[in-house]
Undergrad: 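I am attaching a structure below and will ask some questions about it afterwards.
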Number of protein chains: 2
Amino acid sequence: MASNAPASRSDGLHYLSLRDAIAARITAGDLKPGDKLPSERRLQEDLGVARGTVREGLFQLEAEGVIYRRDRSGWYVSPPPVVYDPTRWEGFMSYVEAQGRIPATETIAANEVAADPLLADVFSRPPGAPLYVIRRRRYVDGRAVLVERLVVDAALAPDLLRFSFDQSLTSILKTEYGITVARNQVSMQPCALTGFEAEALRVKSGLPGLAVQRRSYDAQGRVVEYDHEHWRHDSVRISVDTRVR
Amino acid sequence: MASNAPASRSDGLHYLSLRDAIAARITAGDLKPGDKLPSERRLQEDLGVARGTVREGLFQLEAEGVIYRRDRSGWYVSPPPVVYDPTRWEGFMSYVEAQGRIPATETIAANEVAADPLLADVFSRPPGAPLYVIRRRRYVDGRAVLVERLVVDAALAPDLLRFSFDQSLTSILKTEYGITVARNQVSMQPCALTGFEAEALRVKSGLPGLAVQRRSYDAQGRVVEYDHEHWRHDSVRISVDTRVR
DNA sequence: AGCCGTCTCTGGTCTGGACCAAATATCTAG
DNA sequence: CTAGATATTTGGTCCAGACCAGAGACGGCT
């Protein structure tokens, strides 16, 4: 036998020892963002613990955002998060690039729908009024980090669907329709990525996430954009700067 | 045997079936916020699956914020989250009460410390300058939902420690020192509650949380409060309203 | 070079144990 | 009735297996 001494931690929990061991390799620079960790069965042998215990330790690091998994491929060291200010009228492509990362956008669907009572209320329009619903998936450095559902009032942006949404919607609304935003109402809540979101981001159901909801109003107080974003928990940091009212 | 038919779900995963079964009981009102779930071993028998599978299903619901655990006591249905606007200069006691919930605050520690280089930079003061550091735990309806570390410049609020911090710090700074806030710089990030925070909130290490950092400035641009909050993920929804700059 | 199978490796799910420590309920003595 | 000791229940940790499905590598065919 070779090395066989788990529980090198004060509290003596094996999975936290494994957590510490891997965390140490990462902070030491032995493992860098994007690097692949040894397989679970490899760690199991190396550390002399059961696979379930190995996974428990990996789950800890995943919860902390230190590592992430690619389904049935392996565990990888997480890249740093991007900083996002949802109150700014600045596009994803723009601020991600400004942080030295490579943004990408993929349009999953773009449809015209009739407003249901809920959406009608948000847009202060009668039920049945035409709206555009756009679903997109966004990437940073090739990794899917969020899915979003955008709703725009068709009356404010007629024939919006003729544009490509793989670029910035911000600039389309501004350049093509002269729409500018005067006020943002943003709400955020920790969530779990499940069902559709989990599939779209190719993560295991239950991974922590951050749900961001934004209503953008123009100077006349009309809702020009109603947005729901679901971010991976390890990929985003929100930053907001405000004068006190 | 009695009921014995797991995997009633389209994807046929036992733990998701269990998730759905319990979620259904909650949405149906059969289980209400604060109610205790049957024990893991009870569910194991009722549903005819291994205990590990039961736990996997419970973890799903925990990640979604639907249920929570009290260590070695049991699983309980979560109450709704409180809504919090960190850009407002309004105290915890005030906005929690306004939402029909019962707030409580417990001061864990209150000390005067010498500014380390990091804090000195934040407060634009020389290293070693006196600062007050306050640690508090906050409750909603008797459940600990966040721990925070507050830092205040001793030069701006001399002899601050003679006050009790079980009430609102907001009103102390305003009433006793005439300090008002003109600007807030807030950043938020999904995190895992580990180590100190997990112990303080009595949650299992690795539970998802939300880390909120706030710098409050007065009209002269001085930092009057530097705050780090760690919230349970299932207890908070952030809401921010801003005019676009 | 490029396509398409096959084969291996990886994490995902599940079983059925076991023992522990903290929380809780219960009982008992004062 | 109360306080303290005791027994039970509960989740927390860990083990050693098993099988599956998707990802990725490899090799052969066109």
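Side chains included, hydrogens not; waters and symmetry mates left out as well; all remaining heavy atoms used. Here is how names work: the chains are called A, B, and so on, in the same order as the sequence lines, proteins then strands, and each is numbered from 1.
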Undergrad: Taking Watson-Crick (N1-N3 plus N6-O4 or O6-N4) and G-U wobble (N1-O2, O6-N3), each under 3.5 Å, can you produce the dot-bracket string of DNA chain D? Use [ ] for crossing pairs and | for inter-strand ones.
TA: ||||||||||||||||||||||||||||||
Undergrad: So, are A:Glu229 and A:Arg138 salt-bridged, with charged N and O less than 4.0 Å apart?
TA: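 Here A:Glu229 does not pair with A:Arg138 in a salt bridge, since their nearest N and O are not under 4.0 Å apart.
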Undergrad: If you pin A:Asp71 and B:Arg41 to their nearest nucleotides in DNA chain D, which one's is more 5'?
TA: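 In this pair, the answer is B:Arg41.
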Undergrad: Would you jot down, in residue-number order, the residues of residues 50-61 of chain A having a non-hydrogen atom under 4.0 Å from DNA chain C?
TA: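 By residue number: A:Arg51, A:Arg55.
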Undergrad: Check this one for me: any side-chain N or O of B:Arg72 less than 4.0 Å away from OP1 or OP2 of C:dC20?
TA: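 False: B:Arg72 side-chain N/O out of range (4.0 Å or more) of C:dC20 OP1/OP2.
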Undergrad: Using the test ring-ring contact (aromatic ring centres under 6.0 Å, His included), find all partners of A:Tyr84 that sit at least two apart in sequence or belong to another chain.
TA: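 A:Tyr95, A:Trp231.
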Undergrad: Any ion pair linking A:Asp234 and A:Arg143 (charged N to carboxylate O, less than 4.0 Å)?
TA: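 Salt bridge between A:Arg143 and A:Asp234, a charged N being under 4.0 Å from a carboxylate O: yes.
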Undergrad: Between B:Lys36 and D:dT10, does any side-chain N or O lie under 4.0 Å from OP1 or OP2?
TA: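 No, because none of the side-chain N or O atoms of B:Lys36 sits under 4.0 Å from OP1 or OP2 of D:dT10.
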Undergrad: Are side-chain N/O atoms of B:Ser239 and B:Asp85 paired as donor and acceptor at under 3.5 Å?
TA: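 No.
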Undergrad: Can you check the A:Leu43 CG to D:dC15 P distance for me, whole Å?
TA: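 My rounded result for the distance is 14 Å.
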Undergrad: At under 4.0 Å, does any side-chain N or O of A:Arg42 touch on OP1 or OP2 of C:dT10?
TA: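 For A:Arg42, the contact criterion (side-chain N or O under 4.0 Å from OP1 or OP2 of C:dT10) is not met.
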Undergrad: Verify the contact: side-chain N or O of A:Ser73 to OP1 or OP2 of C:dT10, cut-off strictly under 4.0 Å; return yes or no.
TA: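 Answer no for this pair, as no side-chain N or O of A:Ser73 is under 4.0 Å from OP1 or OP2.
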Undergrad: At under 4.0 Å between heavy atoms, what does A:Arg202 touch on the DNA or RNA strands: base, sugar-phosphate, or nothing?
TA: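 It contacts sugar-phosphate atoms only.
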Undergrad: Rounded off to whole Å, could you give me the CZ-to-P distance for the A:Arg69 and D:dA23 pair?
TA: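 Taking CZ of A:Arg69 and P of D:dA23, I get 15 Å after rounding.
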Undergrad: Mind checking the CD-CZ spacing from B:Glu148 to B:Phe92? Nearest 0.5 Å is all I need.
TA: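 With rounding to 0.5 Å, CD (B:Glu148) is 8.5 Å from CZ (B:Phe92).
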Undergrad: Which of these nucleotides, D:dT13, C:dT15, C:dG11, is closest to any side-chain atom of A:Trp75?
TA: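 Nearest to the side-chain atoms of A:Trp75, counting from C-beta on, is C:dG11.
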Undergrad: Whole Å only: how far is the CG atom of A:Leu18 from the C1' atom of D:dT13?
TA: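 About 14 Å, once rounded to whole Å.
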Undergrad: Between B:Ser39 and D:dT10, is there a side-chain N or O to OP1/OP2 distance below 4.0 Å?
TA: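 For D:dT10, OP1/OP2 do have a side-chain N/O of B:Ser39 under 4.0 Å.
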Undergrad: Side chain to side chain contact (heavy atoms under 4.5 Å, CB included) with B:Trp75: which of B:Asp35, B:Leu61, B:Ile22, B:Ile67?
TA: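 That would be B:Ile67.
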Undergrad: Answer yes or no: are there more than 12 heavy-atom neighbours, outside A:Ile108 itself, under 6.0 Å from its atom CD1?
TA: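 Buried by this count: over 12 neighbours within 6.0 Å.
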Undergrad: Among A:Arg135, A:Arg136, A:Arg137, exactly one meets salt bridge (Lys or Arg N to Asp or Glu O under 4.0 Å) together with A:Glu106. Which residue is that?
TA: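 Running salt bridge (Lys or Arg N to Asp or Glu O under 4.0 Å) over A:Arg135, A:Arg136, A:Arg137 with A:Glu106 returns exactly one hit, A:Arg137.
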Undergrad: Using only heavy-atom distances, determine whether the side chains of B:Asp166 and B:Thr105 contain a donor-acceptor pair under 3.5 Å.
TA: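 B:Thr105 and B:Asp166 do not have a side-chain donor-acceptor pair below 3.5 Å.
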Undergrad: In this structure, how many angstroms lie between the P atom of C:dC9 and the CZ atom of A:Arg70, rounded?
TA: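 Rounded to the whole Å, the gap is 19 Å.
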Undergrad: Measure CZ/B:Arg19 against C1'/C:dT13 and give the value in whole Å, please.
TA: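 The answer, rounded to whole Å, is 17 Å.
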Undergrad: How close or far is atom C1' of D:dT9 from atom CG of B:Leu37, stated in whole angstroms?
TA: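 Distance, rounded to whole Å: 16 Å.
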Undergrad: Hey, does the side chain of B:Tyr15 come within less than 4.0 Å of C:dC14's phosphate (OP1/OP2), counting only N and O?
TA: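 For B:Tyr15, the contact criterion (side-chain N or O under 4.0 Å from OP1 or OP2 of C:dC14) is not met.
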Undergrad: How many whole angstroms separate atom NE2 of A:His14 from atom P of C:dC19?
TA: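 Going from A:His14 (NE2) to C:dC19 (P), I get 16 Å.
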Undergrad: Round to the nearest Å and state the distance from A:Leu13 atom CG to C:dA21 atom C1'.
TA: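 It works out to 11 Å between those atoms.
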Undergrad: When rounded to the nearest 0.5 angstrom, what is the spacing between CG in B:Leu207 and NE2 in B:His233?
TA: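 So the CG of B:Leu207 and the NE2 of B:His233 are separated by 5.5 Å.
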